[in-house]
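Written out below as structure tokens is the structure these notes cover.
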Amino acid sequence: MLLTVHIPHEPFNTLVREKKVGEIMGRILEDIKPEAAYFSEQNGTRCGTFVVHVSEASQIPSFAEPFFLNFEADCEFRVAMTPEDLAQSGLDSLGEKWG
């Protein structure tokens, strides 16, 4: 899945000033173990995009809560496919059935 985290200016700015944000973010990343992690800006706020392996829906809180509790962030989850997943999706048969 793609986990997109929208991080508001506060409390993040305060944590930066207190030199705590690096340690907190490091703990979160160590815990969620993303396959990839990218940091950028979206709509004028800090944003992180992470590729995470979610094998069952009950795992979602373990990915979101660290960001909710530490940064008051908003989290969005999107299903993502690899090229191999897409190849196994049966697009040809779906095209025959619905085309």
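As the structure is a prediction and not an experimental result, all values here were calculated from the model.
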Just checking D85: does its CG atom have more than 12 heavy atoms from other residues, nucleotides or ligands closer to it than 6.0 angstrom?
yes
_Any Q59 side-chain heavy atom under 4.5 Å of H53 side chain_ = no
Between D31 and R27, is any pair of side-chain heavy atoms under 4.5 Å apart?
no
In this structure, CZ of F71 is separated from CD1 of I28 (nearest 0.5 Å) by 4.0 Å
Exercise. Is the shortest side-chain N to carboxylate O distance from E72 to R46 below 4.0 Å?
Worked result: no
Margin query: Taking CD in E18 as the centre, count heavy atoms belonging to other residues, nucleotides or ligands within less than 6.0 Å. Is the count above 12?
Written below: yes
Task: Backbone N/O of M25 and side chain of E23: donor-acceptor pair under 3.5 Å - done: no
When rounded to the nearest 0.5 Å, the distance separating CD of Q42 from CD1 of I7 is 11.0 Å
**Item:** F12 reachable from L29 in the ILVMFWY side-chain graph, under 4.5 Å edges
**Value:** yes
Kindly indicate, with the supporting measurements, whether the criterion side chain to side chain contact (heavy atoms under 4.5 Å, CB included) is fulfilled by F68 and C75.
CA-CA 8 Å; F68 292 156; C75 296; 3.7 Å; yes
In this structure, CG of L15 is separated from CD of E10 (nearest 0.5 Å) by 8.0 Å
Between the OG1 atom in T49 and the CZ atom in F39, the distance rounded to the nearest 0.5 Å is 9.0 Å
With clusters defined by side-chain heavy atoms of hydrophobic residues (ILVMFWY) lying less than 4.5 Å apart, directly or transitively, does V5 cluster with V16? yes
request  = Kindly work out whether a path of hydrophobic side-chain contacts (I/L/V/M/F/W/Y, heavy atoms less than 4.5 Å apart) joins V51 to V54.
outcome  = no
Separation between CG (L2) and OH (Y38), nearest 0.5 Å, reads 10.0 Å
Would you indicate whether the side-chain heavy atoms of T45 and P8 approach each other to under 4.5 Å? no
Taken to the nearest 0.5 Å, the spacing of E35 CD from T82 OG1 works out to 9.5 Å
*Please answer: with hydrophobic residues joined when any side-chain heavy atoms are less than 4.5 Å apart, are V79 and F50 in the same cluster?*
yes
